[in-house]
Amino acid sequence: MVFESYSSYLARRDGQTGLAPAAQGLGTIAPAAVSSQPLSAMAPATGERPRAETFAGIQQQSGERVHYSGGNSTGISDEQNFDAVASRESIQSDAARIQQNRANYVVVQPTALPTRTGASGPNIVAFAVSTSHAPGTQVYSRSSLFRKNYEAACGQFPSADAAQEAFLSNGGPQRDKLGVDPDGDGFACGWDPRPFRAR
């Protein structure tokens, strides 16, 4: 199959329409304006890919990435490039680095836990671990004669943990002076020991 040239197409089209190219606002393209050279002939002789025109002030670099060597310049690391690493490292240098790392290795021995400061009250975590019954199970006797308003008593504390600490500091769990453990389970104001037991 033979394709006609663009100029032949324009001449044939103008002959069919009866209009000159100037009347249509079109002009003919000179054949010399279109290069007949293959793309390979237009590529630079350096083997680089053709690049667009570089803006002023921007240095055009060859290749896809720029590697930096030494100094404080930040760039793309070439540690994954075997040829680059092999050119500056050897088996002897690797052995020396491993030996240096072993010399700098320090084993930190465990020490005793520090003593808690600023908290002289009972440890609610230790109390939780020492118990095994479920909340709501009566373990300690409670008298109904001196029972206080449970909601009012618990409303004095910002949290259930604070209520449990105060409860243990005032004779709990055997005695309930604050009225925060009416069911006698040893847990004040709905405090739940089960999360501490799971640790």
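Numbering of residues begins at 1 and proceeds along the displayed sequence.
- Contact of the Phe187 side chain with the Thr131 side chain is registered, since non-hydrogen atoms from C-beta on lie closer than 4.5 Å.
- Counting non-hydrogen atoms of other residues, nucleotides and ligands closer than 6.0 Å to CD of Gln99 gives a total of 12 or fewer.
- In this structure a side-chain-to-backbone donor-acceptor pair under 3.5 Å is present from Ser169 to Glu165.
- Arg97 meets the salt bridge (charged side-chain N to carboxylate O under 4.0 Å, His left out) test with Glu89, Asp94; sequence neighbours excluded.
- Contact check for Pro173 versus Phe167: side-chain heavy atoms found under the 4.5 Å cut-off.
- No single ILVMFWY cluster, assembled from side-chain heavy atoms under 4.5 Å apart, contains both Val139 and Leu168.
- Going from atom OG of Ser143 over to atom CZ of Arg175 covers 11.5 Å, rounded to the nearest 0.5 Å.
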Give every donor-acceptor pair under 3.5 Å between a side-chain atom in residues 150-163 and any protein atom, sequence neighbours left out.
| unit_1 | atom_1 | unit_2 | atom_2 | d |
| --- | --- | --- | --- | --- |
| Tyr150 | OH | Gly190 | N | 3.4 |
| Ser159 | OG | Ala162 | N | 3.3 |
| Asp161 | OD1 | Trp191 | NE1 | 2.8 |

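- Under a 3.5 Å cut-off, the side chain of His133 and the backbone N or O of Asp185 do form a donor-acceptor pair.
- When all heavy atoms of Asp183 and Gly136 are compared, the closest pair comes out as OD2-CA, 3.8 Å.
- At a threshold of 4.0 Å, the pair Arg88-Asp78 counts as salt-bridged, since one of the basic side-chain nitrogens sits closer than that to a carboxylate oxygen.
- In this structure a side-chain-to-backbone donor-acceptor pair under 3.5 Å is missing from Asn123 to Phe127.
- Of all heavy-atom pairs between Ala84 and Ser87, the closest is O-OG, 2.6 Å.
- In Tyr140, the OH atom is crowded: over 12 heavy atoms of neighbouring residues, nucleotides or ligands sit closer than 6.0 Å.
- Side chains of Gln164 and Ile124 form a contact here, defined as non-hydrogen atoms less than 4.5 Å apart.
- Considering only heavy atoms from C-beta on, Leu178 comes within 4.5 Å of Asn170 through its side chain.
- Remark: Arg142 engages Asp181 in a salt bridge, criterion side-chain N to carboxylate O under 4.0 Å.
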